[in-house]
Amino acid sequence: MKRFDFPHTHIIDSHQFSREDLNTILAATEHVVRLKEQNRLFGVLEGRLMASLFFESSTRTRLSFEAAMHRLGGRIITTVGFQFSSISKGETLYDTMKMIEAYADIAVIRHPVEGSSRIAAGAVNIPIINAGDGAGQHPTQALLDLYTIVRERGLPDKKRIAFIGDLKFGRTIHSLVKLLTHYETEFVFISPVDLALPESYRKELRSLGIHFEETEDLKAMWDCDVAYITRIQEERFADRADYERLKDSYVVNRAFVQASRHPTLLLHPLPRVNELSTDVDDMPNAAYFRQAAYGVDVRMALLCLCLQAELPDL
Ligand code: CP
């Protein structure tokens, strides 16, 4: 049996990971994928219970975590939305988490307030996984994005990666940019000025001596190895008029992709709205549905790592 050496109890923010941690997560995911191919995963988390706490809407993250737990032979309890939890009666997140700690072995939480996962982790002695906290972080999405890049195109070293769309509110971008600082990535940020990457992230890149380009011109993705396209995050705008003004800033469609001679790998965390046309979907470099599928594999690996589970040898 094999147990990977993983020094973290919780997964809260991509800043917590070293390059060595990323190597471990990628290796554990590959191990899980091989076991899955051999139908040897079921039972790895038998007897373990995951609380799936989604106080904000989700399709991929919730269902892929729940699928991951089921495929490992574990079980789940779940709550979706504030209206079906006692938070709607005024209970604090701290008290809610004290209850969850008594009921489950691990909890996955999505919450609209930035920093909520850290509060949850501080309240309990079970592993907490941040499944997206407001406009803050979405570290497990970034880990599956990293896995997708590695699987489809190899390690991100020396790769030119474009981030497109809502870089201000896009938490998946915040998390992925940080992970990619562990590689020799060339960053190209494409956004309207009003939706630029927050200064805290730009400052961090500068402090690490990492060069990055910023532009409003979508054509800058044409000479990139990877284009990470994102939705304008309607739910994060304080002023509806700003959203209406910015929502159609970019549209990546088949004609636009074909105009490039570079086989740029197209990623998107999904859901999409208008920024990525469906006529791109059957292009070989459109990897976003594969990316979502890899999410189950990466999340199986993360559940095993956080619960310090032993995996059968290959
Ligand atoms: N990518 C992502 O977080 O999707 P969901 O909001 O559907 O979970």
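Every number for a ligand or one of its atoms is a count from 1 in the order of the listing. Here the structure is a predicted model, which is why all the values come from computation and not from measurement.
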Can you give each donor-acceptor pair under 3.5 Å made by side-chain atoms of residues 278-285, sequence neighbours left out, with the distance rounded to 0.1 Å?
residue, atom, partner, partner atom, Å
Asp279, OD1, Arg254, N, 3.0
Asp281, OD1, Arg272, NH1, 2.8
Asp281, OD1, Arg272, NH2, 3.4
Asp281, OD1, Tyr288, OH, 2.6
Asp281, OD2, Arg272, NH2, 2.8
Asp282, OD1, Arg254, NH1, 2.5
Asn285, ND2, Thr264, O, 2.8

Quiz item: Between Tyr201 and His15, what is the ring plane arrangement, given parallel below 30°, perpendicular above 60°, and tilted in between?
Solution: tilted

Practice problem: Sort and list the pairs that fulfil salt bridge (Lys or Arg N to Asp or Glu O under 4.0 Å) and have at least one residue in residues 284-295, not counting sequence neighbours. | Solution: Glu152-Arg290

Dump the pairs for me: ligand 1 N or O, protein N or O, distance under 3.5 Å, to 0.1 Å.
residue, atom, partner, partner atom, Å
ligand 1, 1 (N), Gln141, OE1, 3.0
ligand 1, 1 (N), Pro269, O, 2.8
ligand 1, 1 (N), Leu270, O, 2.9
ligand 1, 3 (O), Thr61, OG1, 3.0
ligand 1, 3 (O), Arg110, NH2, 3.0
ligand 1, 3 (O), His138, NE2, 2.9
ligand 1, 4 (O), Arg60, NE, 3.1
ligand 1, 4 (O), Leu270, O, 3.4
ligand 1, 6 (O), Arg110, NH1, 2.8
ligand 1, 7 (O), Thr59, N, 2.8
ligand 1, 7 (O), Arg60, N, 3.0
ligand 1, 7 (O), Arg60, NE, 3.3
ligand 1, 7 (O), Arg60, NH2, 2.9
ligand 1, 8 (O), Ser58, OG, 2.7
ligand 1, 8 (O), Thr61, N, 2.9
ligand 1, 8 (O), Thr61, OG1, 2.6
ligand 1, 8 (O), Arg110, NH1, 3.4
ligand 1, 8 (O), Arg110, NH2, 3.3

Self-check item: Arg202/Glu214 ion pair, N-O < 4.0 Å
Solution: yes

Quiz item: Arg48 pairs by side-chain contact (heavy atoms from CB on, under 4.5 Å) with which of Asp105, Leu303, Ile76?
Solution: Asp105

Self-check item: Partners meeting salt bridge (charged side-chain N to carboxylate O under 4.0 Å, His left out) with Glu234 (sequence neighbours left out)
Solution: Arg240

